[in-house]
Amino acid sequence: MKKPIQRYWFSGVLLFGILGFIPYSGFAQNQSDSIIQNRKVPRINQKTKLFIDKIQKDTSVYFGLGYCVIGNDYAKASKKAKEQALGNLTEKIKVRVKSDIKQNIMRTAETKKSKETEIIRENLNENTRTYTDLVLQEVNYQTYENYPDSGYIAIAAWLKKSNYRKQVNDALRTKKIAVITALENGNNEFSKQHYLQAVTDWIQAKNTMRRLFNNIPLHENLGKNGKFVDVGSWIDGKIASFFNGISFQNVDENINYDAKGHLNKPITVAVRYNDNIGEEHPVINLPLKVNFADGKEDVVPGLSTGNYGVAKFTVPGINAQNKITAIYVTVDSSRISNLGAYPIVLPSIKIRIKKLRTLAFAVTFRNGGQYLIPTDAKNKVQSTILNQGLAIEPVSVRSSTISNDILQRIEKLHPDYFLFVFVDSRGASTVGGYKNIFMSTCSATISLYEFPLGNMVGVKQISGDQGYGASKSGAVWDAFNKLTSKIIHGTDEMLGEIK
């Protein structure tokens, strides 16, 4: 009876041992996992906390911090923490950069007087981003685990303020110096009366300012009187004031052109600058542009004033059909770099040139069946015309009458009038039965035509004296020569009617 009891007791103990082993084994596994987890993420590192607290208070650096729960992806948590740290640092840098730009370039105290425009704000933000990105190239990073709590990763980002000053403040000062240097060069040239070079330097200063500061207004104490002014506006005012002080003078107004459009002498223009005390100074090397009133083309390309502020030039292509031609002389802004971008009124002068009244003329002598051009009489008629202050256009007419074809040919010369002197010989005959003595008689007709219509506006008949000679030819020319003085007198009277 004892053996069965012992067997059952042993079996029960064995079963209890088996069943009791299962929960013990699970507890041990859980305990093992907890040990492993604690090994990956130990408790907070107090040294790290003290270091971060210290660097956050360090006034020699700009500091940013980012952190994230590690979880199951260490790389992802590290990236997120770094982005947070950089973002935190970036915001601090942006605030500082914007403040330094306003202080060093815009002069905050001055800009408060006027509301910033949207464009200035956009340009300020753009410059802030540019300098911030430049500074962030020298950021230092450090990674810490179990901060600010167990299971976290933290990344610190910092930048030495000395590096910032080098990248931003020094750069701003260097750029500002470049602008002010160009501006002061212009001021020096202006004081030497090198006005065109001064304007060029001022424009260069403003272009440099736009390029370096992206149109942010630069303020500087230009007068050394403690008062800061907007440099761009100051340059605009100086350029406008200079060109407003320029005057043009037509030195010789006694200029005309003939029927071919040729000037009787060059046009002379003097350019002067009237300073703020009323004194005039020559403006040398100033590029000029010459235009007709009805066109934009520069008819004298490359024209500039010389050493005394004087430009001499002739004008080609004058339309001789016009009795008056107007030309304009002004500053050629296209030959001064970027001057066209400035809303200024350029000085100019209008020069009115009168056409000389031009007289086409012909002297024709019909001797028998021949039409001759008597040189001596022609020259005397020409001198008479010139003495009346008229321009001349000699023409050749071998006819006793003026046809429409002849008038059309003369019209192409653009005269105002046409004077036709026609001398006719009646031949020669013997006198008193002497075979070696001849007599001849000549008469003349002086006709005046007005253009462009070609209408006859005057006619004068001149009777001649008798001429004698040992030959028929001699008698004819003697009569012609005696008539010449009457022809000249009649021509002078005819011209008196058109003065």
Side-chain angles (χ1 to χ4, degrees), residues 110 176-213 215 217-225 227-251 267-291 296 298 300-313 327-351:
E110 297 295 325
K176 184 167 68 172
I177 289 172
V179 175
I180 301 304
T181 298
L183 186 147
E184 290 179 345
N185 287 341
N187 292 345
N188 292 334
E189 293 296 333
F190 193 84
S191 66
K192 299 175 185 177
Q193 299 178 16
H194 300 164
Y195 300 119
L196 183 61
Q197 185 59 52
V199 170
T200 302
D201 288 340
W202 288 335
I203 292 176
Q204 178 187 349
K206 187 163 185 180
N207 291 342
T208 302
M209 183 180 67
R210 287 173 173 171
R211 175 172 54 84
L212 297 181
F213 300 119
N215 288 321
L218 170 63
H219 288 75
E220 185 60 25
N221 181 17
L222 298 180
K224 308 302 180 184
N225 55 5
K227 183 178 180 180
F228 285 80
V229 298
D230 185 326
V231 173
S233 297
W234 186 92
I235 291 174
D236 292 347
K238 288 292 288 185
I239 293 176
S241 176
F242 167 66
F243 283 105
N244 286 338
I246 287 181
S247 62
F248 286 77
Q249 179 185 2
N250 183 16
V251 176
I267 298 173
T268 302
V269 172
V271 184
R272 298 286 185 267
Y273 168 68
N274 193 323
D275 62 21
N276 55 5
I277 60 174
E279 294 185 359
E280 290 189 347
H281 309 276
V283 182
I284 65 173
N285 298 326
L286 184 68
L288 302 177
K289 180 170 60 176
V290 181
N291 300 104
K296 296 182 179 180
D298 187 356
V300 190
L303 180 66
S304 297
T305 57
N307 291 332
Y308 300 100
V310 174
K312 289 186 177 183
F313 58 93
I327 64 169
Y328 292 89
V329 184
T330 186
V331 178
D332 188 354
S333 60
S334 67
R335 291 159 58 198
I336 303 177
S337 178
N338 288 332
L339 182 61
Y342 290 79
I344 58 177
V345 178
L346 295 174
S348 63
I349 185 173
K350 179 181 180 181
I351 301 176

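We count residues from 1, following the sequence as given. Atom set for the values below is all heavy atoms of this structure, side chains included, hydrogens, waters and symmetry mates excluded. Treat the numbers as computed from the prediction; the structure is a model and nothing was measured.
- To the nearest 0.5 Å, the span separating CG on Leu183 from CG on Asn188 amounts to 10.0 Å.
- In terms of the side-chain contact (heavy atoms from CB on, under 4.5 Å) criterion, residue partners of Ser233 (sequence neighbours excluded) are, by chain and number, Asp230.
- Residues Pro347 and Val271 fail the side-chain proximity criterion, which asks for heavy atoms closer than 4.5 Å.
- Taking CD1 from Ile239 and CH2 from Trp234, the interatomic distance works out to 9.5 Å, rounded to the nearest 0.5 Å.
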Please tabulate, for side-chain N and O atoms in residues 240-247, each donor-acceptor pair with protein atoms closer than 3.5 Å (sequence neighbours left out).
unit_1, atom_1, unit_2, atom_2, d
Asn244, ND2, Ala240, O, 3.1

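- Contacts classified as side chain to side chain donor-acceptor pair (under 3.5 Å) and involving residues 192-206 (residues at least two apart or in different chains) are given here: Asn187-Trp202, Glu189-His194, Gln193-His281, Gln197-Asp201, Lys206-Asp236.
- Looking at Asn250, its side chain never comes within 3.5 Å of a backbone N or O of Val269 through a donor-acceptor pair.
- The salt bridge (Lys or Arg N to Asp or Glu O under 4.0 Å) contacts involving residues 331-343 comprise Asp332-Arg335, where partners must be two or more places apart or lie in separate chains.
- Taking the six-membered ring where the residue is Trp, the centroids of Tyr273 and Phe190 are separated by under 6.0 Å.
- Distance check: Met209 CE to Glu220 CD gives 12.0 Å after rounding to the nearest 0.5 Å.
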Mind running side-chain contact (heavy atoms from CB on, under 4.5 Å) on Val329 and Phe313 for me, showing each step along the way?
CA-CA 11 Å; Val329 184; Phe313 58 93; 3.9 Å; yes

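- Among residues two or more places apart in sequence or in another chain, the side-chain contact (heavy atoms from CB on, under 4.5 Å) test is passed with Ser337 by none.
- At distances below 3.5 Å, at least one donor-acceptor pair connects side-chain atoms of Thr305 with backbone N or O atoms of Asn285.
- Nearest heavy-atom pair across Arg272 and Tyr308 is NH1-O, 3.2 Å.
- Here the closest non-hydrogen pair linking Ile284 and Asn307 is CG2-O, 3.0 Å.
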Under the side-chain contact (heavy atoms from CB on, under 4.5 Å) criterion, do Leu303 and Asp298 qualify, and how do the steps go?
CA-CA 10 Å; Leu303 180 66; Asp298 187 356; over 6 Å; no

Derivation of the side-chain contact (heavy atoms from CB on, under 4.5 Å) call for Val310 and Val251
CA-CA 9 Å; Val310 174; Val251 176; 5.5 Å; no

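- The two residues Gly186 and Ala198 make their nearest non-hydrogen contact at O-CB, 3.2 Å.
- In this structure, Leu346 CG and Lys289 NZ are separated by 8.5 Å, a value rounded to the nearest 0.5 Å.
- For Thr181, the side-chain contact (heavy atoms from CB on, under 4.5 Å) partners are Ile177, Asn185, not counting sequence neighbours.
- The CG atom of Leu288 sits 8.0 Å away from the OG1 atom of Thr330 when rounded to the nearest 0.5 Å.
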